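Because the structure is predicted, anything quoted here is derived from the model rather than measured.
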Amino acid sequence: MRNKEVSDKLYELAEIAEMAGENPFKIKAYNEAARIIENLTIPIEDLTKKDKLTEIKGIGKGIAEKIQEYLEKGTISKLEELKKIVPETLLEMGKIPGLGAKRVKTLYEKLNIKTIDELKGAALAHSISTLDGFGEKLEENILKSINEIRDKRNVRFLLGIAYPLASEIVGKLKENSPVDKITVCGSLRRMKETIGDIDILVTSKKSEKVMDYFVSMPLVKSINAKGDTKSSIITFEGIQVDLRVVEPSSYGAAIQYFTGSKEHNVRLREIAIKKNLKLNEYGLFDIDSGRKVGGEKEERIYEILGLQFIPPEMREDRGEIELAQRYEIPELIKISDIKGDFHVHSNYSDGSNTIEEMALYAKSLGYEYIVVSDHAKALGVAHGLSLERFKEQKKEIEQINKKVHPFKVFQGVELNILSDGSVDFEDKDLSFFDVCLAGIHTGMNQEESQITKRVIRTLNTKGVRVFVHPTGRIINGRDEYKIDVEKVFEEGKKNKSVFEINASFERLDLNDVNSKNAVFNYGLKIEIGTDAHSTNSMENMFYGVGVARRAWLTKESVINTMRIKALESYLRGEL
DNA sequence: GCCGTTTTCGGCCCGACTGTTTTCAGTCG
């Protein structure tokens, strides 16, 4: 699947075309096409072969030809031509806050500035402020930004770090300041795997008091801004938190606006225009009369636009708007649908709690079961267990199950997919377990064909049912290993394999796009497991459900929404 | 460059902020 590659190429084309001063709407079209392909779940090369590219909305004749050219020759002639006019180093300059395509172009044309170093030199020599439209202030800001860009590097925080922090702040604001309504918006509300900053929206009759308290919270490291309607702080973790106070009559519109995504909002405003309405963060207005027709409630905005309400997690303009127009938004899976955690560890391997402690904690979360899936022997660093140890474990589990009945501990195992695709134990021994999970823990640097081949061999091993953390990525830490997910899904379909959404917030693997692909294009089933190594980590289930919701999944696609009896039948292959 | 329940031509989201400006361009989200 070469979608990512093609979409990156189109983004690059858009960036360079912008620097070259091409028609802004052409650039918009390139960016739009890139984004669509990025989120596409079918391989772009298949569509190209079947000559079906232009059937995708947003891809016309021109871009289709460019994609075809790229897939065949590895280059796009238009892009190569632009590169001759625009030095690629200008793209780096464009990333400096305050410098966009227009200013970069002017700097290049008038002062022949091509690199950040040259830019710094020019700023220090005060030659930038001599240009029309450039002033001393801008020159100063450019210098400041150049110094900042080196340590900033667009940091995004993990959902699992930002979410608890946001909840804590909301709790404090409710408790200690006169807020009426309060909602967390932005990518956090959409449960995106990483978060740029935290946006909190409130209504209040005494906004100064809310702001005073907000900037004085103990977790505040520094204050960026403090005003009547907006304040902004940085916490000790380095996360920026923005707080906005809005009028109650605009609250719904503001929530909608600040939840995004940007692309989703753009589509909504386009729909509004067609209905002779204007949508902004203050409300929905009739264009002719200027009269406000909505804004207090978010649901009402969707309703007036002729749309079914769209859950925040779906708001990425990946087809959810079309679905809402047909009133076909599915009933997404909820945390309360989860009946058990499918992937936890105990102190038999590298977990820190006993099986019984894990079981009791799971019970307190309202679960009916857990699958204890300790590491098998090949993973020495995690105290992987021999078959003999698993037999001892089985005895203990039987004892615990008597105690915690009707709650049930299933005995699973997390097998290692070894470099040749075999696993820790022989095939005949796998039936010993209630369920066998398998994952890659070593040999992650192999070539794509090799990794894909070994996973396929494992999926074809009788007894192995679940493929855990299928792409191996650690967010902000390690890239996915090279694996042909399409081939693996295809093979999974033949073997009725289950794929994991690993709910550990450093992994969230499968991610939203892959999960959606697995379920909607291959009919695969998903298991959500926290991979918890201690009782508390079982709370991360919430993030896994977030990924599932972003993938549009209903509870029917997720096997650990089943009750015990149904799951037992399913694991026996009866369902 | 894309698109069409008024359109195959003429549109293409919206507002805030900043800095440079006496009415606006550029950038950003």
Checklist entry - Within the modelled atom types, does a donor on one side and an acceptor on the other bring the side chain of Asn23(A) and the base of dG1(B) under 3.5 Å apart? => result yes

Taking atom [atom2] of [N] as reference, at what distance in whole Å does atom [atom1] of [X] sit?
| X | N | atom1 | atom2 | value |
| --- | --- | --- | --- | --- |
| Glu139(A) | dG19(B) | CD | P | 13 Å |
| Ile37(A) | dG1(B) | CD1 | C1' | 13 Å |
| Arg244(A) | dG15(B) | CZ | P | 15 Å |
| Ile59(A) | dC3(B) | CD1 | P | 9 Å |
| Leu99(A) | dC28(B) | CG | P | 8 Å |
| Lys230(A) | dA16(B) | NZ | P | 12 Å |
| Ile198(A) | dG29(B) | CD1 | P | 17 Å |
| Ile56(A) | dG1(B) | CD1 | C1' | 15 Å |

Checklist entry - What does dG29(B) pair with, Watson-Crick or G-U, if both distances are under 3.5 Å? => result dC14(B)

Between [N] and [M], how far is it from one [atom1] atom to the other, in whole Å?
| N | M | atom1 | value |
| --- | --- | --- | --- |
| dT8(B) | dG1(B) | C1' | 14 Å |
| dG26(B) | dT21(B) | P | 13 Å |
| dA16(B) | dG11(B) | C1' | 25 Å |
| dC14(B) | dC9(B) | P | 25 Å |
| dT27(B) | dT20(B) | C1' | 13 Å |

Checklist entry - Ring centres of Tyr163(A) and Phe505(A) under 6.0 Å apart? => result no

Taking only the side-chain heavy atoms of [X] (C-beta and beyond), determine which of [options] contains the nearest atom.
| X | options | value |
| --- | --- | --- |
| Asn280(A) | dT27(B), dC12(B), dG15(B) | dG15(B) |
| Lys262(A) | dG1(B), dG19(B), dG29(B) | dG29(B) |
| Lys278(A) | dG4(B), dG15(B), dT20(B) | dG15(B) |
| Ile273(A) | dG1(B), dC3(B), dC14(B) | dC14(B) |
| Lys66(A) | dG1(B), dT27(B), dC14(B) | dG1(B) |
| Glu281(A) | dC2(B), dG15(B), dC12(B) | dG15(B) |
| Ile63(A) | dC2(B), dC3(B), dC12(B) | dC2(B) |
| Lys57(A) | dA16(B), dG19(B), dC3(B) | dC3(B) |

Next on the checklist: What verdict does the salt bridge (Lys or Arg N to Asp or Glu O under 4.0 Å) test give for Arg473(A) and Glu193(A), after you've listed the backbone C-alpha separation in whole Å, the side-chain angles of each residue and the deciding distance to 0.1 Å?
Outcome noted: CA-CA 12 Å; Arg473(A) 61 108 176 239; Glu193(A) 60 195 33; 2.8 Å; yes

Checklist outcome for this item: Expected list for residues 309-325 of chain A near DNA chain B, using heavy atoms below 4.0 Å, is none

Using a heavy-atom cut-off of 4.0 Å across all strands, would you classify [X] as base, sugar-phosphate, or nothing?
| X | value |
| --- | --- |
| Ala272(A) | nothing |
| Glu65(A) | nothing |
| Lys274(A) | nothing |

Checklist entry - Of Ile287(A) and Lys102(A), whose nearest nucleotide on DNA chain B comes first from the 5' end? => result Ile287(A)

Next on the checklist: If you assign Arg103(A) and Asp132(A) each to the DNA chain B nucleotide with the nearest heavy atom, which residue ends up on the more 5' nucleotide?
Outcome noted: Asp132(A)

Checklist entry - Side-chain N or O of Tyr257(A) less than 4.0 angstrom from OP1 or OP2 on dA16(B)? => result no

Item to check | Phosphate OP1/OP2 of dG19(B): any Asn141(A) side-chain N/O under 4.0 Å | outcome: yes

Under 3.5 Å: donor-acceptor pair, side chain of [X], backbone of [Y]:
| X | Y | value |
| --- | --- | --- |
| Arg2(A) | Ile44(A) | no |
| Glu313(A) | Arg549(A) | no |
| Ser127(A) | Ala122(A) | yes |
| Asn280(A) | Gly283(A) | yes |

Checklist entry - How many angstroms lie between atom CD1 of Ile63(A) and atom CD1 of Ile56(A), to the nearest 0.5 angstrom? => result 11.0 Å

Checklist entry - Are the charged groups of Glu109(A) and Lys105(A) less than 4.0 angstrom apart, N to O? => result yes

Checklist entry - Given Arg267(A), which of Glu32(A), Glu316(A), Glu322(A), Glu320(A) fulfils the salt bridge (Lys or Arg N to Asp or Glu O under 4.0 Å) condition? => result Glu322(A)

